[in-house]
Each structure stands twice: as C-alpha cells, then as structure tokens.
Novice: 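Can you keep this structure in mind? I'll have questions shortly.
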Amino acid sequence: MSLRARLALLYTFIVGGILLLFGMAVYVAVSITLTSQVDLLLARTAKTIVNNAGVNLLGELDMDAIQELDLSTDVYVQVWDRFGGLLDSSSNLPRSFDIPLDSVGLRATTPTYRDIYINNAHIRVLSVPLTISGSERVIGYLQVGTSMAVVDATQKTLLVILLIASVLAMGVAAFAGWISTRQALRPLETVTETALKITSADDLSHRIPYDGPPDDEVGQLIRAFNDTLSRLENLFDSQRRFLADVGHELRTPLTVIKGNIDLMRRMDCTDEESMEGIENEVGRLTRMVGDLLLLAQAESGRLPLEQHIVELDTLLLEAMGQMQVLAGNRLSLKLGEIDQVLVCGDQDRLKQVLVNLIGNAIKYTPQGGEVNVGLGKENDKAKIVVSDNGPGIPEEDLPYIFERFYRGEKSRTRSKDGKGFGLGLSIAYWIVRNHNGTIEVSSQTSKGTTFCVWLPLADKECKEEV
Ligand code: ADP
C-alpha cells in the first residue's frame, strides 16, 4: 500500500475514533438526561400518592385515604398489599391487568427503578415499599411506571444521526487526507523523478526545484539531497579532472622518453644526451608518482605519521640551508624572527611542508626578489610565515591553489622547466591538516604572497624521539 493511501487511511481512522468517542459521550449524556427526567416524573407522582396514604385501625393500608391514582394519563399506578394482592390501579391500566408492573420490585426494601418489558413495550417502573412512619414494617407497595417509547425513539434517532454524521465525516476525512497528502508528498515525487533522471542520464547537474518553505521537513530533505548532489558532482568532477591531469602529466615525460629511445635506435648507438634526457624524465615520473601516493594517503587520512616532539626552529634552519642552494645568488632568502617552538608530529613531513612553501617562493619570485621566513608562537600555536615579493597569485586562482594539479596560468607555461606538477601545495595542505593545523594564504598580484602555517604546540603526552 502506498504511503499516501496509508496516511489517508490513518487520518480516516483517527477522525473515526474521535467521532466514535464523541458520539458515545453525546449518546450517554442524552440518555442519562432523558432517563433522569422520567425518573423525576415517577418520583413526583409516587410522592403525591404516598403523601395521601394512610393506615386503618388494623394497621393495614387504608385505600380510602388514597383517592386519586389517575394523576397523569402517561403514568401507570398500582397499589399492592403486603401479601402481594392488588389493591387498586390507575384507570389507564386495563382491569384485567392484575400482574405487578415489576414483580421484582415487590420485594424491594427501598425505592427502586427498573426497566421492564411488557408485551414488548418498554416501561420504566418505580417500586416504593410503603411503611408506617417511624417503623420498618412494610404494609404495601406502590408501583408507578411510564412508557419509555419517546426516550427510546429519541435515542434511536440520535444514534442514526451520529452514525450518518460519523460515516460522512470519515468520508470527508479520507478525501481530505488523500488530497492533502498528495499535496505534501508531491515534492517527494519530484525527488524520485530527479533521482531517476540522474541515474538514467548519468548527469549530476540536476537539482530538485522546491518553492515551499525551505525550513519545513520536505524543504530540509530537498536541501540535503541537493547538497549531496553538489558534493557528488564536485567529487566526480575532481575525479575526472584528476584523471585528465594525470594523463596529461604522464604524456610529456613518456613522449620525451620515447623520442630519445627512437633517436638512439635510429642512430644505432647509446647517446649520452638522450640517456640523460630519459633519466631526467624517469626521475620526474618517479617524483610525481611518489607525490601522488603521498597525497592519496594524506587525503584518506592513512598517511603514516610519527608523533614525536619536533623542534620546529631546528627543522626550519635545516630547510633554509637546503633552500639557500636553490636560491643561489638569484634572490635573497632571509630568516626573520625565529622562536624556539616545539610541536608534535612527523619531522620529515613537516620539513616537506617547509621545503614546498619556501621552494615555491623561490621558484616564483623573479631574480633580485626577496623571500622572508619566520617562526613564532601566537595564541598557543606555532606560526610559520613564508613571504615573498614575487608576482603574487591572482585573486581568481587563490581558492584553488591547494587543489591537486592546480597551477596558475603563468606557472603552467613555466613548468616546462620540468619541476612543478601542481601537487606541492596540496601535499603541504594535507600534511598540515593531518597535524591538526591550518594553512592560510594572502596574496596581491605584483606585490607578493604570504603563506602562514598554524600548528598546535606539543603537549605533555607527546614523546621525545628515541
Ligand atoms: P607547482 O608545482 O605548480 O608549484 P603548487 O601546488 O606548489 O604547484 O602550487 C600551485 C600554484 O600556486 C602554482 O602553480 C602557482 O601558480 C601558485 N603559487 C604557489 N606558491 C606561489 C608563490 N609563492 N608565488 C606565486 N604563486 C604561487
């Protein structure tokens, strides 16, 4: 059964249940009210007769005192002696009717109301034992009764009205439930349609349109679904881009290697220059594969990281020594303020971060430029700053520079020098993230770039390397 049908059925049952309870309450209340009115009439009649009753010299009921039994045409009256003999009855009862209106009531010790059926006629009877005032001795019985036909008819009509109203209301509830659930579930149909479209067309660019309130349950579901789609689309896009980039990066060195081999084959000798070319390209490929493996591990959080105390200042001095060679006389590499800073992590990986950042600054800063490196502590964190006065990174490139294979336009053309793959910053980003740190960049074209790495300081739990 569909969700819609189930909801409509639920509405119907709920409305039906409420109406049933309500109907029962109305029916009981009306019945009690009507019956108590009848009881009041019987009690009043009985009281009038009892007030007139008296006792003769023999201590028996004096019928002469009770003169009037026909107080109302609707009320039947019988007076019985204590031996069960009928003394008198109202004229609306046939003379031949000499059985008690309520035979059980003739044994009652207190006034008792009972419903009796005589020849299928429903009669309510009040039996009152007559006693001499001041004593318990019963000298007779008075029975007053009246037909319940009107009460029964009223109850029957009420029951029919309630039943018809309930059935009608349940019908209306079923219809309203069917319509309103259709309204409420329509967006879900759109979700299903979109999901099917995506599956059949393999196109993640579809989004579910929704013009309802964005914060209701359906709005939230659709937003979550659309967010998931955006994320999936991004992931698929980046996977596609990644394959294209890897293919592109592999092609150049492989072409060079093949060209050199062809050349040597044609010349039928091992040419030293060609061999060097092959060696360079193989080295480049090996570096790229190594970087990719490292990145894959870091992105999946499976990068094996040591957790030891690392003296960042010593590490930075080491990296600066290496980088100085790269900078040569082309530009000035300066070490600014440097504090003694201890962090917890993997020394080799952290050095790789420093080398990548300083290396980039040297690589992209033109001759005569300046690269400044500093280390300090701020807000209980280690802060490494690498800044240069190079060409800067265009604003439109900034959000993407930490992505795999992302290279600025200028760097793309420049990478013919065979060095960059566009992986250096991604690797740095993931290593820093795996150390619970963050990496920030600020840049202005033609003025320079500053990278800032924040790392948590070493805590007591971090062990010294042995
Ligand atoms: P690449 O191998 O191209 O250097 P990276 O991931 O290290 O790859 O850097 C990504 C891109 O960020 C570079 O191609 C370059 O455009 C830009 N970039 C990084 N560092 C700098 C810098 N110090 N100055 C200018 N541009 C930079």
Side-chain angles (χ1 to χ4, degrees), residues 238 241-242 244-246 248-253 280-281 283-299 303 316 319-320 322-324 326-327 330-336 349-374 384-434 438-453:
S238 77
R241 244 184 301 124
F242 174 70
D245 287 338
V246 171
H248 180 80
E249 290 298 337
L250 287 177
R251 207 168 44 193
T252 320
N280 281 344
E281 293 309 319
R284 185 169 148 77
L285 281 177
T286 313
R287 268 204 319 278
M288 189 177 97
V289 172
D291 281 357
L292 277 176
L293 276 176
L294 179 79
L295 200 54
Q297 281 178 316
E299 281 188 14
L303 181 67
L316 187 62
M320 286 292 281
Q322 281 179 19
M323 292 291 108
Q324 204 72 55
L326 195 70
R330 205 170 63 79
L331 43 80
S332 100
L333 175 61
K334 287 188 187 157
L335 186 62
R349 299 292 174 220
L350 289 173
K351 186 163 169 193
Q352 194 167 0
V353 173
L354 298 175
V355 167
N356 285 2
L357 293 181
I358 304 170
N360 271 353
I362 295 173
K363 192 161 65 176
Y364 294 110
T365 305
Q367 180 138 19
E370 198 176 292
V371 174
N372 280 294
V373 182
I384 306 160
V385 182
V386 179
S387 61
D388 63 61
N389 60 357
I393 304 170
E395 212 178 314
E396 63 272 17
D397 284 350
L398 274 180
Y400 308 107
I401 55 165
F402 294 107
E403 285 182 13
R404 290 176 300 199
F405 289 113
Y406 193 85
R407 274 178 293 166
E409 257 326 296
K410 285 182 195 154
S411 336
R412 274 180 190 278
T413 36
R414 201 183 290 199
S415 81
K416 291 205 177 83
D417 62 4
K419 291 215 172 76
F421 304 113
L423 295 175
L425 284 185
S426 292
I427 291 174
Y429 172 86
W430 282 104
I431 291 177
V432 171
R433 254 192 86 157
N434 278 280
T438 50
I439 182 163
E440 294 163 2
V441 58
S442 61
S443 186
Q444 267 185 305
T445 31
S446 318
K447 288 206 172 149
T449 307
T450 302
F451 282 92
C452 192
V453 175

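Note that ligands are numbered from 1 as they come in the structure, with each ligand's atoms numbered from 1 the same way. In this text, all values refer to a predicted model and were calculated from it rather than measured experimentally.
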Novice: I'd like to know whether ligand 1 has Gly390 as a neighbour, heavy-atom separation below 4.0 Å.
Specialist: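 The answer is no, since Gly390 has no heavy atom less than 4.0 Å from ligand 1.
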
Novice: Please check whether Gly422 reaches ligand 1 - meaning an N/O of the residue sits under 3.5 Å from an N/O of the ligand, judged on distance alone.
Specialist: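 Looking only at distances, the answer is yes, because the N/O contact criterion of under 3.5 Å is met.
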
Novice: Would you tell me which option among Phe402, Tyr364, Phe405, Tyr406 has the nearest heavy-atom contact to atom 21 (C) of ligand 1?
Specialist: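 It is Tyr364 that holds the nearest heavy atom.
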
Novice: From the options Thr445, Val441, Asn360, select the one whose nearest heavy atom is closest to atom 19 (C) of ligand 1.
Specialist: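 Heavy atom nearest to atom 19 (C) of ligand 1 belongs to Asn360.
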
Novice: Within the side chain of Ser426, is there an N or O that forms a donor-acceptor pair under 3.5 Å with the backbone of Glu403?
Specialist: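 Checking the backbone N and O of Glu403 against the side chain of Ser426, a donor-acceptor pair under 3.5 Å is found.
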
Novice: Could you tell me if any non-hydrogen atom of Asn356 lies under 4.0 Å from any atom of ligand 1?
Specialist: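 Flag not set, Asn356 not near ligand 1.
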
Novice: Ignoring hydrogens and angles, tell me if any N or O in the side chain of Thr445 forms a donor-acceptor pair with the backbone of Ile393 under 3.5 Å.
Specialist: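 Here the side-chain-to-backbone pair does not exist.
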
Novice: If you count the atoms of ligand 1 from 1 in the order shown, which ones are under 4.0 Å from a heavy atom of Leu423?
Specialist: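 Listed by number with element, the hits are 6 (O), 8 (O).
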
Novice: For ligand 1 and Lys363, I'd like to know whether there is a polar contact (N/O to N/O, distance under 3.5 Å).
Specialist: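 Yes - when backbone and side-chain N and O of Lys363 are compared with those of ligand 1, one distance drops under 3.5 Å.
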
Novice: Where the side chain of Thr449 meets the backbone of Gln444, is there a donor-acceptor pair that is under 3.5 Å apart?
Specialist: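 No, Thr449 side chain to Gln444 backbone: no donor-acceptor pair under 3.5 Å.
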
Novice: Taking the non-hydrogen atoms of Pro391, is any one of them nearer than 4.0 angstrom to ligand 1?
Specialist: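 Pro391 does not count as a contact of ligand 1 under the 4.0 Å cut-off.
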
Novice: Taking only heavy atoms of Arg407 into account, list the atoms of ligand 1 that are under 4.0 Å away from them.
Specialist: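 This gives 3 (O), 14 (O) as the contact atoms.
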
Novice: For Ile393, counting its heavy atoms only, list the atoms of ligand 1 lying under 4.0 Å from any of them.
Specialist: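 Checking each atom against Ile393, I get 18 (N), 25 (C), 26 (N), 27 (C).
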
Novice: Does NZ or CZ of Arg287 fall inside the cone over Phe421's six-membered ring, less than 6.0 Å from its centre and within 45° of the axis?
Specialist: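 Not flagged: Arg287 not positioned over aromatic ring of Phe421.
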
Novice: Just heavy atoms, cut-off under 4.0 Å: does Leu425 contact ligand 1 by side chain, backbone, both, or neither?
Specialist: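 Answer for Leu425: both.
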
Novice: Can any side-chain N or O of Arg330 pair as donor or acceptor with the backbone N or O of Thr365 at less than 3.5 Å?
Specialist: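 The answer is yes, because a donor-acceptor pair under 3.5 Å joins these two groups.
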
Novice: Going through the distances and angles, do Met323 and Ile362 end up as a side chain to side chain contact (heavy atoms under 4.5 Å, CB included)?
Specialist: CA-CA 8 Å; Met323 292 291 108; Ile362 295 173; 3.9 Å; yes

Novice: Residue-level breakdown please: for Phe451 versus ligand 1, do any non-hydrogen atoms fall below 4.0 Å on the side chain, on the backbone, on both, or on neither?
Specialist: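 For Phe451, only side-chain atoms sit under 4.0 Å from ligand 1.
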
Novice: Does ligand 1 come near enough to Ser426 that some N or O of the ligand is less than 3.5 Å from an N or O of the residue?
Specialist: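 For ligand 1, there is no N or O atom that lies under 3.5 Å from one belonging to Ser426.
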
Novice: Please identify which atoms of ligand 1 are closer than 4.0 Å to at least one heavy atom of Gly424.
Specialist: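 Under 4.0 Å from Gly424, ligand 1 has these atoms: 5 (P), 6 (O), 7 (O).
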
Novice: For Val453 and Thr438: C-alpha separation, side-chain torsions, deciding distance, then whether side chain to side chain contact (heavy atoms under 4.5 Å, CB included) applies.
Specialist: CA-CA 6 Å; Val453 175; Thr438 50; over 6 Å; no

Novice: Can you say whether the rings of Phe402 and Tyr429 are parallel (under 30°), tilted (30 to 60°) or perpendicular (over 60°)?
Specialist: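 Aromatic pair Phe402/Tyr429 classed tilted.
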
Novice: Supply the atom-to-atom distance Leu303 CG to Ile431 CD1, rounded to the nearest 0.5 angstrom.
Specialist: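 Output value for this atom pair is 6.5 Å.
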
Novice: Against heavy atoms of Ala361, which atoms of ligand 1 measure under 4.0 Å?
Specialist: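 It comes down to these atoms of ligand 1: 23 (N).
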
Novice: Any sub-3.5 Å donor-acceptor pair from Asn389's side-chain atoms to Glu370's backbone N or O?
Specialist: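 Yes, Asn389 side chain to Glu370 backbone: donor-acceptor pair under 3.5 Å.
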
